[in-house]
Each structure stands twice: as C-alpha cells, then as structure tokens.
Amino acid sequence: MATDQTMHVPPSLSARVVGSFAYLTVRDRLPTILTKVVDTIHRNKNKFFEEYGEVGIQAEKQAISLLSKLRNELQTDKPVLALTDGLPDTDSWNQYLERQQRLQGDQEPVSWFKSPWLYVECYMYRRIHEALLLNPPISDFDVFNEGKTQSFTESSQAVMSLCTYLEGIKNNIDELSKNSLFEHFSKLMQGSLWGNKCDLSISAGQENSQKTSPLDSLYSLLPFILVDDTKRVWSALISAQRPRESGKTTADRVDIVLDNAGFELVTDLVLADFLVSSGLARQIHFHGKSIPWFVSDVTAKDFQWTIQQAMATNHKWVSKCGVQWQRYLKEGMWCYHDHPFWTQPHEFCDMAADAPDLYTTLQGADLVLFKGDLNYRKLTGDRDWEHTVSFETALRGFGPAPLCSLRTLKANIQVGLQPGQGEKLTSQDPSWMTSGKYAVIQFHNPKSE
Ligand code: F6P
Ligand code: MG
C-alpha cells in the first residue's frame with residue numbers, strides 16, 4: 001500500500017470550517033450535552049446527600065463548577081488544557097495535546113474550534129470524567145447512566161422480537177443449510193447495523209430508542225445501505241473454519257468493538273449469540289469503554305446490567321437469552337475487555353505504535369466488527385477524504401485482522417463509494433452523511449492484500 005510520503009492524507013475535520021457539521025457540533029451539540037450533565041448531577045443532589053452527607057453536596061457543587069468552567073472554555077474557544085487528575089492515561093492525553101500543538105505549529109494554541117474535531121470531542125468526555133474523578137465520593141457516578149437504562153427499557157418491544165427471532169433460529173440451528181445460515185447471519189448483521197441508529201450523542205442526549213423490531217423493516221431499509229460487504233465478511237468467517245477440540249468446525253474468534261448501550265447492545269449480543277450457537281465462531285471478545293463516553297457507549301457496568309435485565313425480564317425468550325449470555329460469560333465463550341485506548345482520541349492507524357498490546361490482541365481475531373460512527377471516524381482518521389477513496393487507503397495501514405465497520409452515517413465522512421454516488425446522494429438528500437438514515441457494512445481484509 002502507499003506510504004504517507006506517496007499518499008495524500010487530507011486534513012482532519014474541524015470546527016474551523018464555519019457551518020460544517022463539526023462546527024455545529026462544537027457550537028451547539030457539545031454545550032447542550034454539558035448542560036444536561038450539569039443538570040443530571042444537580043438532580044441527584046439528594047441522593048448524594050443521603051449516601052455521603054454534607055461531603056456529597058460539596059462534591060456535587062465542585063463537580064458542577066468544573067463542568068461549567070469547561071463549558072465556558074469550549075464556548076469561548078479557549079486553549080485546550082492539560083489534564084491534572086493523575087489517572088494512568090493522564091500522561092498519554094497530555095502528550096497527545098503536545099503532539100497536536102506540534103502539528104498545528106506555534107502560531108495559535110490547540111483550541112476547541114481550531115483543532116481536530118475528533119480530538120476535542122473525545123477530550124470533552126475525558127474532562128467530564130476528570131470533573132467527577134476529582135470529586136470523591138461521587139467519582140464513580142455515571143452521568144449518562146439514566147439515558148442508557150431508559151433506552152433499554154423503552155426498547156422492550158424490539159428486544160422481545162429480536163430475542164424471539166433468535167430463539168426461533170436456535171430451535172433447529174444444526175439442521176440449517178449453509179444458505180439459510182447465511183440468510184440469518186445477514187439479517188442479524190443488519191439488525192446490529194440499524195441498532196446503531198439509537199445513539200444518544202447525535203441527539204444530544206434526547207430519547208432515541210427503538211420502538212419496533214428493526215427485523216420487520218430490513219427489506220425496506222436495504223436501499224439505504226450504501227456499501228454492503230456482508231458476503232465478504234461471511235467468506236472471511238467461512239475461510240477461518242478449522243476443526244476444534246470440541247469436535248466442531250468453527251472460526252476461532254470474532255471480536256466486537258462495541259458502541260452504544262441500550263437497544264444497540266442487545267442487537268450485538270443477539271448477533272454474538274448466533275455466531276457462537278451456529279458454530280460460526282468458537283468465542284466472542286467484546287471491547288467496551290472504561291469510562292462513560294459519548295453519552296451512550298457501553299461500559300462494563302452497562303454490559304453486566306443489560307444481561308441481568310434480560311435475565312430478569314418477564315418474557316420467556318428474553319430471559320432465556322439473558323441466562324444463556326450469562327452462561328457464555330461464565331464458561332469463557334464470551335469475554336468482555338476494556339482498554340484505555342478506546343477512550344483516547346487517536347486514529348486507529350496509530351494503534352500499532354501507541355497501544356501495541358491492544359493491536360496484538362486484535363491480531364488474534366478471525367474477524368473484528370467495529371460498531372458505530374465514532375469507530376468509523378477513528379478507522380478513517382476523521383479526515384476529509386474523497387468519497388471514492390478506498391476503505392483500505394483511508395485505514396492507512398490499520399489492519400490487525402479482517403475487519404468490518406457496521407455504521408449508520410452520523411458525521412460527514414464516507415469512503416469507498418462508487419464514482420458519482422456521493423454527488424447523487426448530496427443532490428437527493430443534502431444531510432445524507434449526518435442524519436443516521438444511511439449506513440454501511442464495509443469490510444477490509446489485510447490478509448488478502
Ligand atoms: O456529533 C455526533 C456524534 O457525537 C459524532 O461525533 C459521533 O460520531 C456520533 O455522534 C456518535 O455515534 P456512535 O454512537 O454511532 O459512535
Ligand atoms: Mg456511541
């Protein structure tokens with residue numbers, strides 16, 4: 001593949017471009033999210049008092065004051081400040097700030113409207129975490145928890161129908177032909193894809209749950225999938241099949257880099273269950289976030305909570321799924337990891353150098369599924385690529401294993417389209433890249449290059 005010297009690498013998206021989606025996000029959506037965070041902490045004042053007495057109230061006040069200061073820095077385009085909380089990743093964040101400053105030159109400081117959007121948006125969530133962390137005893141309070149649990153509860157109909165569908169397939173899964181297995185695989189990949197519509201960051205925390213089963217609408221949604229590499233993903237899984245100790249012939253491992261909690265997580269768990277119970281994969285490794293992130297992203301607590309909720313649901317198939325998922329975890333067929341790199345601002349092409357242990361972990365997978373928009377932005381470096389540039393070029397050498405992005409479009413970046421496809425979409429629907437209405441299932445296999 002072309003090296004950076006021979007390949008033109010476009011600039012990062014930035015709020016510097018007035019009127020761009022990045023600009024509108026930094027100007028409007030991020031301050032709205034911060035206001036809601038302040039509001040949530042304030043509404044929980046009594047709870048903090050009951051749990052910790054006067055110290056809890058002091059912590060609430062201090063955290064709110066740090067967050068109000070943060071909102072002011074953002075809105076007045078102040079320089080991005082170094083972190084002071086002394087967490088294991090603090091140095092790495094501060095080094096990244098220096099790196100941005102070097103890239104930007106010393107004419108102007110790294111700041112909210114002038115620096116890469118990906119960086120400042122990630123930084124905001126890390127500063128929210130800092131504001132709580134510096135204020136024990138409320139350091140562990142997840143300011144986004146209410147929205148995430150609500151999104152799960154309000155999607156109960158859709159959850160029931162997905163779990164019922166899954167249990168229906170599992171009834172006679174060993175007798176299914178390769179073709180029907182592929183049909184179910186394709187459907188559940190699309191379920192997981194459209195599950196990504198339900199994130200709470202794009203709606204600035206506004207309720208965004210799934211009321212009906214996405215499986216009923218898959219056919220009518222097909223025209224909105226701009227790139228569909230499902231068959232290539234399937235071939236990668238099939239070509240990784242080997243006889244295992246269990247006597248079954250399966251691929252060894254599929255990794256899922258998770259995105260949002262709530263309904264989207266259920267669609268991912270259902271897909272993971274299908275992969276294991278159909279014998280397509282021996283084990284699934286889930287990767288979540290180690291701190292509350294981009295409003296609705298999955299943390300270890302959300303992951304466990306969702307499985308517990310499913311188990312306790314008064315619906316035969318949902319609770320059966322929950323029990324099964326718990327068993328997979330207990331028996332090691334499923335495992336959950338979080339690595340600090342997922343909550344850092346790096347483009348994924350930096351992973352091999354900046355988080356070599358994580359890169360090595362992913363190299364052990366037969367397939368890595370990257371869920372959601374933010375992962376797509378990191379895969380492609382959140383850069384202003386032409387739409388016809390190939391996915392491989394935009395990945396800039398990132399390829400620990402065969403990988404696939406399942407993403408609904410919520411940021412103005414999209415590569416790997418046919419000539420003229422982007423222009424046509426722009427003329428038909430100017431907001432096609434940011435509305436969440438369109439999606440891609442985009443695959444790259446570094447092994448076949
Ligand atoms: O600005 C909207 C936004 O915060 C994007 O920055 C981000 O890519 C997206 O929402 C989050 O979407 P997802 O949950 O699919 O990663
Ligand atoms: Mg998200």
Side-chain angles (χ1 to χ4, degrees), residues 12-15 17 20-34 36-37 74 112-113 115-126 128 142-145 147-148 151-152 192-210 256-268 286-299 302-303 306 338 342-348 369-383 404-414 431 433-442:
S12 311
L13 300 176
S14 157
V17 181
S20 64
F21 189 67
Y23 171 81
L24 297 174
T25 299
V26 177
R27 192 193 65 179
D28 303 331
R29 199 173 305 112
L30 300 188
T32 305
I33 290 172
L34 281 174
K36 288 202 168 149
V37 168
L74 184 163
W112 293 87
F113 282 79
S115 299
W117 170 36
L118 176 62
Y119 171 53
V120 295
E121 194 172 23
C122 290
Y123 172 80
M124 181 186 87
Y125 289 95
R126 184 59 180 77
I128 295 174
D142 179 349
V143 288
F144 302 123
N145 183 58
K148 290 185 277 193
S151 151
F152 176 86
S192 163
L193 172 69
W194 293 114
N196 180 244
K197 255 188 160 171
C198 306
D199 85 278
L200 294 171
S201 165
I202 192 80
S203 60
Q206 209 79 288
E207 184 266 322
N208 190 13
S209 53
Q210 179 75 30
I256 305 183
V257 183
L258 295 168
D259 186 2
N260 303 302
F263 182 67
E264 179 171 358
L265 176 58
V266 176
T267 64
D268 300 333
F286 296 96
H287 301 267
K289 307 295 193 296
S290 48
I291 63 173
W293 191 247
F294 277 70
V295 188
S296 39
D297 283 20
V298 178
T299 62
D302 302 325
F303 190 80
T306 305
D338 46 28
W342 301 122
T343 45
Q344 293 201 335
H346 303 64
E347 310 173 42
F348 288 162
L369 299 176
F370 285 92
K371 293 296 317 284
D373 194 66
L374 179 62
N375 277 326
Y376 192 82
R377 290 174 58 195
K378 290 182 165 190
L379 284 165
T380 55
D382 209 34
R383 291 172 180 278
C404 177
S405 159
L406 295 166
R407 172 236 185 179
T408 59
L409 279 62
K410 289 175 277 187
N412 41 5
I413 173 160
Q414 183 57 54
S431 64
M433 274 189 284
T434 52
S435 59
K437 219 167 113 185
Y438 293 85
V440 291
I441 300 179
Q442 202 159 27

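Each ligand, and each atom within it, is numbered from 1 in the order the structure gives. What you see is a predicted model, and the numbers here were worked out from it, not measured in a lab.
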Identify the two heavy atoms, one from G436 and one from W194, that lie closest to each other, and give their separation to 0.1 Å.
-> O-CZ3, 4.2 Å
Answer yes or no for W117: is there a heavy-atom contact with ligand 1 below 4.0 Å?
-> yes
Closest heavy-atom contact between G288 and D338?
-> O-CB, 3.4 Å
For atom 9 (C) of ligand 1, which of L30, D373, V26, D28 has the closest heavy atom?
-> D373
Answer yes or no for R126 and W293: cation-pi contact, defined as NZ/CZ to six-membered ring centre under 6.0 Å and angle to ring axis within 45°.
-> no
Residue D259 atom name (nearest to the Mg ion (ligand 2); N/O/S) | OD1
Hey, is the Mg ion (ligand 2) within less than 2.8 Å of some N/O/S atom on S296?
-> no
Determine whether F294 and F144 make a side-chain contact, defined as any pair of heavy atoms from C-beta on separated by less than 4.5 Å.
-> no
Before signing off on this row, confirm whether L374 and ligand 1 have an N or O atom pair separated by under 3.5 Å.
-> yes
For R377 and ligand 1, does the shortest N/O to N/O distance drop below 3.5 Å?
-> yes
What part of E121, side chain, backbone, both or neither, has a heavy atom within less than 4.0 angstrom of ligand 1?
-> side chain
Atoms of ligand 1 less than 4.0 Å from G372 heavy atoms?
-> 15 (O)
Tell me, with the steps shown, if D382 and S12 meet side-chain hydrogen bond (donor to acceptor under 3.5 Å, both in side chains).
-> CA-CA 6 Å; D382 209 34; S12 311; over 6 Å; no
K197/E264 ion pair, N-O < 4.0 Å | no
Sub-4.0 Å atoms of ligand 1 with respect to non-hydrogen atoms of T25 | 1 (O)
Side chains of Y376 and Q414: donor-acceptor distance under 3.5 Å anywhere?
-> yes
Under 2.8 Å: N/O/S of D373 next to the Mg ion (ligand 2) | no
Any ion pair linking E121 and R377 (charged N to carboxylate O, less than 4.0 Å)?
-> yes
Pick, from I33, D259, N196, the option with the minimum heavy-atom distance to atom 13 (P) of ligand 1.
-> D259
State the atom name: nearest N, O or S atom of D297 to the Mg ion (ligand 2).
-> OD1
Is the closest side-chain donor-acceptor distance between D259 and N196 under 3.5 Å?
-> yes
What are the atoms of ligand 1, with element, lying closer than 4.0 Å to any heavy atom of K410?
-> 12 (O), 13 (P), 15 (O)
